[in-house]
Structure formats: C-alpha cells, structure tokens
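Read through the structure below, which is laid out as structure tokens, and then see the notes.
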Amino acid sequence: MITLHNVTKSYGKFKVLSNCTTSIAKGEVVVVCGPSGSGKSTLIKTVNGLEPIDSGEIIVSGIRVSDPGTNLPMLRSKVGMVFQHFELFPHLTIIQNLVLAQVKVLKRSKSVAEKTGMALLDRVGLVAHAAKFPGQLSGGQQQRVAIARALAMDPIAMLFDEPTSALDPEMINEVLDVMVELAREGMTMMVVTHEMGFARKVANRVIFMDRGEIVEDAEKEDFFGTPRSERAQHFLSKIL
Ligand code: ADP
Ligand code: MG
C-alpha cells in the first residue's frame, strides 16, 4: 500500500531524512516513534506529498507521490491525515467541516455528504454536536471530528501525527479508542505517537527514528522485547 525507498530530504545543509526505506501492507498498523526532532513528522508528511523529497521514491497504492503529474489534492483525500492540532475550520460547524471536502473534492451532493458526515459523527459519538462550532468542543471531541472528517473521504490509508499530544490526559483515551477501532476494522495506518500502550495493543510494526534515519523497523514483539539498537533501548528506557 505504501512504499518508501531511500527517501532523503534536507533543509539547507541539515539532513532531516536520510535514506528512509520501509513499506506498509494493506491493513497494517505501523507506529513511528523516536526523539523529538528525529524526522517523524517530516517522514509521514512525505507520504501524502505535504513535504517534497530530494531523492528516493514514495509509492502509495501505485501512485508515485513525487511525480509532477500526480494529483496531490486527490492523493491527500485518499490518504487522510490527522495532526496534533486538530486544524478544523473554526468558522464552520462540525457537520460543515465534514461536508466541505466531500463536496469540493469528491463532488458528492450536499445531501449525500451530510448523510455520510452524520453517520461518521455517530461513529465517533458526536452526533449531538453536529451544529456546534469547533471552539465549543473539547480538544478530545475536536480530534474525533478531525478523524471523522478524514474518514469522510473514504481513505485507503490514514496518517496520524501525534494525535493525542496536545490533549489533556483525560481526553487521550477517547481519541485512542477511535483509532483502536479503526485499526481493528483493517485500516492501513501510520501513526506517530509516544503512546506505547496504543502501540502494544494494535501496532503490527514499530519504526524507531533517530536523526533522520530509520534505526529500527521491527515487529512489535521484537521491538518491545529486544530492541536491537542502543538508541532504541535508550529511548524506550526513558518513556516506558
Ligand atoms: P519530529 O516530528 O521527529 O519531532 P520533525 O520532522 O518535525 O521531527 O523535524 C525534524 C528536524 O527538521 C528538526 O530538527 C526540525 O527542527 C527540522 N525542521 C522541520 N521542519 C523544518 C523546516 N521547515 N525548515 C528547517 N528545518 C526544519
Ligand atoms: Mg513531530
């Protein structure tokens, strides 16, 4: 579903990604972890073309992401992304947030888009909030709306960049629960997170990054059991 081959990227002289190679099969859940500044956000943003790369290749469902001819808005609708800060449109109601891209990008009629939107709000437990504005919801609720909004595009894969890092502790689980359910339904997911409980529960693999490199790319059991590199051992000893 997703293949990265020797992906390299620099900001000036600073190499933010160095020969990153991995692949994610359909239905797989891969957790990406590593110290702050190691390139995790940059890596997952390359997958839907939000960050251009200098060299290497990224193929998502047969589409070469860095080909000049690639329709990036369409690709981004098919590879949903959820950020640390929910990034809902503040001046639109919750249901309008869910409808907008369905109508603009997928050309759905407003009534079909609303129906899809309400079904997804139901799924994340927020139907009662459809007519509210994002500012009237808690952080955890806004993040669930952001997930529902991405799902409204019928994505083939979902990318998450520290989706619970900006949340108060009591709201983390309501967001993780939605993600766990999504994973169990077979969604292909790449998740940057420090929530190792989530990783243990649903990840198939764990990628550990340090200084722009993929240092480990291991089955979950192997990663938590016996991380091969000293850097991963050190990282785990600090966060577990
Ligand atoms: P992580 O998500 O693991 O914390 P990032 O991918 O956000 O790491 O960033 C990796 C490194 O690249 C950091 O050192 C960061 O300062 C640097 N960086 C990120 N974006 C830019 C940018 N637009 N220009 C210059 N440096 C950047
Ligand atoms: Mg980051």
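Both counts, for ligands and for their atoms, begin at 1 and track the order of listing. Atom set for the values below is all heavy atoms of this structure, side chains included, hydrogens, waters and symmetry mates excluded. Bear in mind the structure is a predicted one, so any value in this text is a computation, not a measurement.
Heavy-atom contacts of P35 reach the following atoms of ligand 1: 3 (O) (cutoff under 4.0 Å). Near S36, meaning under 4.0 Å from any of its heavy atoms, are these atoms of ligand 1: 4 (O).
Using a 4.0 Å cut-off between charged side-chain N and carboxylate O, R205 and D222 make no salt bridge. Taking the charged nitrogens against the carboxylate oxygens, D54 and K9 have no contact shorter than 4.0 Å, which rules out a salt bridge.
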- Message: Show, in sequence, the C-alpha distance, side-chain angles and deciding distance for V175 and D177, and conclude whether the side chain to side chain contact (heavy atoms under 4.5 Å, CB included) test is met.
- Response: CA-CA 5 Å; V175 172; D177 286 348; over 6 Å; no
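Nearest heavy-atom pair, I207 versus T22, reported as atom, atom and distance to 0.1 Å: CD1-OG1, 3.7 Å. What you find for A152 and L98 is that their closest heavy atoms are CB-O, 4.1 Å. The two atoms that bring L182 and L151 nearest to each other are CD1-CD2, 3.8 Å, heavy atoms only.
Closest protein heavy atom to atom 7 (O) of ligand 1: S41 CB, 3.7 Å. Counting only heavy atoms of the protein, atom 10 (C) of ligand 1 lies nearest to G37 O, 3.3 Å. For atom 19 (C) of ligand 1, the closest heavy atom belonging to the protein is Y11 CE1, 3.5 Å. For atom 3 (O) of ligand 1, the nearest protein heavy atom (residue, atom name, distance) is K40 NZ, 2.8 Å. Atom 15 (C) of ligand 1 has its closest protein heavy atom at F14 CE2, 4.8 Å.
Using a 4.0 Å heavy-atom cutoff, G39 is listed among the residues neighbouring ligand 1.
With a 6.0 Å cutoff to the six-membered ring centre and a 45° limit on the axis angle, R200 does not count as a cation-pi contact of F223.
Atom 22 (C) of ligand 1 is approached by the protein to below 4.0 angstrom, counting heavy atoms only.
With a cut-off of 2.8 Å, the Mg ion (ligand 2) has no N, O or S atom of Q84 in range.
In T42, the parts holding a heavy atom less than 4.0 Å from any atom of ligand 1 are both the side chain and the backbone.
Between F160 atom CZ and M179 atom CE the span is 4.5 Å, to the nearest 0.5 Å.
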